[in-house]
Protein chains: 2
Amino acid sequence: MTATTLHRPTHRDALYLLEEAFGDGRMVTLFGRCTVDYDGRATSSLGPGDRLVVCKPDGTILVHTDEKRKPVNWQPPGCTHRASVRDGHLRVRSERSTPTERLDVAFERIDQVTAYEVTDRSDLRLQGSEEDLRRRILDDPALVEEGFVPQATERETAAGPVDVFGEDAAGRPVVVELKRRRVGPSAAGQLQRYVEAVDEEFPDEGVRGVLVAPSVTDRARELLAERGLSFVAVEPVADEGDDESGDGDSVAKAEGDGGDDGADAGRDDGPDAGDDAADESDDAADDTAE
Amino acid sequence: MTATTLHRPTHRDALYLLEEAFGDGRMVTLFGRCTVDYDGRATSSLGPGDRLVVCKPDGTILVHTDEKRKPVNWQPPGCTHRASVRDGHLRVRSERSTPTERLDVAFERIDQVTAYEVTDRSDLRLQGSEEDLRRRILDDPALVEEGFVPQATERETAAGPVDVFGEDAAGRPVVVELKRRRVGPSAAGQLQRYVEAVDEEFPDEGVRGVLVAPSVTDRARELLAERGLSFVAVEPVADEGDDESGDGDSVAKAEGDGGDDGADAGRDDGPDAGDDAADESDDAADDTAE
DNA sequence: CGTGCCAGGTGCCAT
DNA sequence: ATGGCACTTGGCACG
């Protein structure tokens, strides 16, 4: 079996399962009413409430409430988990050093504990990063400007590595800074530091700086102008044509709303199948509840 | 009941539970073998593997593997969850607009689905933030320097709001930038922008800039020196005396290690109770497995 | 809504 | 370990 679950366990039984799971590297989720205390880079305390706690075999621990993407409390990978029963509470403690940090979760009631055997060898393939943008620039340097010739990436300077370094049609050195999304003043400052550094390497050659990004804030634009730097607008991802959507048989829809949604539980958005264009070849073996 | 669980459910049964849970604002966890595809600000795809999926009633969805603190894929609050059964897979789709993003999780096997009723009214109390540091500076301006007189916080300038603005013993304007931890070059740049902006408001008054932080990197120190800015070392949190640790009855210990720990499942670290100094008043009603 | 900035940021890779 | 920086950064406050 790959998932072992206890419902409403005693603290002692929950402890046994945690022992086993921690011992053989299984992932654990706990759900119940608990308080959370953290002390480390900062300090925090959280009163009683129902939360989902996830303990990973790599030493990560996450405490999630019913809101937000970020855990309300956590501990990063590399920590040591311990569990014990004290004062009528099941306590899960996670600690690390450098820096010294400690997280305590104290359950007064445990609704469920589950230990999972996880096997996952797949790696995420992500596109649209700054890395992609760099490849695009190298593929087509004219995106920066006509006549631009890239000569190096990640070229080291006294101010740190420059994304793309090259020269323009007139042979002047060009420093290119890439950003995959809209940039603010800090990017202008970063670019200027690079230009200044390269300028010391090539005195009197009139080193230029170009910021490549989808867009720029007003203030950053001003800063660039003040400092004689240029901006070139380039979308972070190549045109990926049409995104097909539409899913025919929508079921189990949740609006994603805090809570006070009142009376809106209508489930009568049923007959909307067969939207428009034939999208994916998804129209096979549909099994829809109801 | 506050947790409803299905073990090894059919896709159809899992779908029913998802419907209900999405409908009445319960939190859901799914565990099983799945693939994940994302398209939005970037694009990603993840091959088959065992993962834990968390769907929150606020529209958040998280896909966690057995490693790392960050979900391998996710969708932020405010999204709309839908579930359906297609091509022999249970598909959970989460979408939003502005920006348009879509996440699809396709389960080929579901080991467990659970719906939780979450009630959590407690707010996290966090200490050690920049806000705390600001209060300390205002309490004791001499931490910045002898004779410093704060006049405003978050004072607006052309370069943005200044953390603390005031004047020194000689009546010169002082811009104070606060950082709760060790700072790098970007903080120096930020402070310089502020000083330049205030300098335009008070020409010829010799506006000064002070960076207050626990410590500073070498490069940032150089930049500050070049630009005539000062640095003052201040610890982010007031001395909180002694941190007590030690927990006597450690049980269910997990090292926090990738996986290849070989033979180390020994559970014979038992007789280490009663460590050293009498720590907390925790020594009551201890119930320890074994 | 965009704009700007802090965060217990996290993660990755360099020295 | 420290440093520098990208990130589907996330989150909040403000215009």
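Chain A is the first sequence line, chain B the second, and so forth, proteins listed ahead of strands; every chain is numbered from 1. On a predicted model such as this, the values are computed, not experimentally measured, just so you know.
To the nearest angstrom, C1' of dG4(C) lies 13 Å from CG of Asp163(B). With rounding to whole Å, Arg69(A) atom CZ is found 18 Å from dA7(C) atom P. As rounded to whole Å, 16 Å separates atom P of dT10(C) from atom CG of Leu62(B). Distance Arg221(A) CZ to dG4(C) C1': 17 Å, rounded to the nearest Å. Between Lys70(B) atom NZ and dG8(C) atom C1' the separation is 16 Å, expressed in whole Å. Following rounding to the nearest Å, Leu211(B) (CG) and dC6(C) (P) show an atom-to-atom distance of 11 Å. Rounded to an integer number of Å, the gap from Arg219(B) CZ to dC5(D) C1' is 13 Å. Between Glu130(A) atom CD and dG4(D) atom P there is a gap of 18 Å when expressed in whole angstrom units.
Contacts of Pro99(B) with the nucleic acid, taken as non-hydrogen atoms under 4.0 Å apart, are absent. Asn73(A) comes within 4.0 angstrom of a nucleotide base, judged by non-hydrogen atoms across all strands. Residue Glu177(B) is classed as a sugar-phosphate contact, given heavy-atom separations below 4.0 Å to backbone atoms only. Counting any heavy atom pair closer than 4.0 Å across all strands shown, Gln75(A) reaches a base atom. Among the atoms of the strands shown, only primed sugar atoms or phosphate atoms (P, OP1, OP2) are found under 4.0 Å from some heavy atom of Ala159(B).
Ion pair Arg155(A)/Glu201(A) flagged as a salt bridge, since at least one NZ, NE, NH1 or NH2 atom sits closer than 4.0 Å to an Asp/Glu carboxylate oxygen. One finds no salt bridge joining Arg134(B) and Asp163(B) here, because no Lys/Arg side-chain nitrogen approaches an Asp/Glu carboxylate oxygen to under 4.0 Å. With salt bridges taken as basic N to acidic carboxylate O contacts below 4.0 Å, one links Arg135(B) and Glu131(B). Looking at Lys68(A) and Asp58(B), no side-chain N of the basic residue comes within less than 4.0 Å of a carboxylate O on the acidic one, giving no salt bridge.
Side-chain proximity of Lys68(A) to dC12(D), dC6(C), dT8(D): nearest is dC12(D). Comparing dT3(C), dG4(C), dT9(D) against the side chain of Arg41(B) picks out dT9(D) as the nearest. For Arg181(B), the listed nucleotide lying nearest its side chain is dG9(C); candidates were dG9(C), dG4(D), dG8(C). Listed candidates were dG4(D), dA6(D), dT10(C). Nearest to the side chain of Trp74(A) is dT10(C). Here dA6(D) is the nucleotide among dA6(D), dG11(D), dA1(D) with the atom lying nearest to any side-chain atom of Gln190(A). Closest to the side chain of Ala42(B), from the set dC7(D), dT8(D), dG9(C), is dT8(D).
Between Tyr194(A) and dC5(D) there is a side-chain N or O to OP1 or OP2 distance below 4.0 Å. Note on Arg180(A): every side-chain N or O is 4.0 Å or more away from OP1 and OP2 of dT8(D). For Thr217(B), a side-chain nitrogen or oxygen approaches OP1 or OP2 of dG4(D) to under 4.0 Å.
Between Ile61(A) and the options His81(A), Lys56(A), Arg93(A), a side chain to side chain contact (heavy atoms under 4.5 Å, CB included) holds for only His81(A).
To the nearest whole angstrom, the two P atoms, one in dG11(C) and one in dG11(D), are 15 Å apart. Only the P atoms considered, dG8(C) is 22 Å distant from dC5(D), to the nearest whole Å.
Contact check for Val212(B) versus Val144(B): side-chain heavy atoms found under the 4.5 Å cut-off.
Summary of the strand contacts: Glu131(B) and Val183(A) both lie near DNA chain C, and taking for each the nucleotide with the nearest heavy atom, the more 5' one is attributed to Val183(A). Remark on DNA chain C: of its neighbouring residues Ser186(A) and Leu126(B), the 5'-side contact belongs to Ser186(A), judged by nearest-heavy-atom nucleotide. Closest-nucleotide positions on DNA chain D for Val216(B) and Tyr38(B) were compared, and the one nearer the 5' end corresponds to Val216(B).
Contact between Pro71(A) and Leu62(A) at its shortest, heavy atoms only, is CG-CD2, 4.0 Å.
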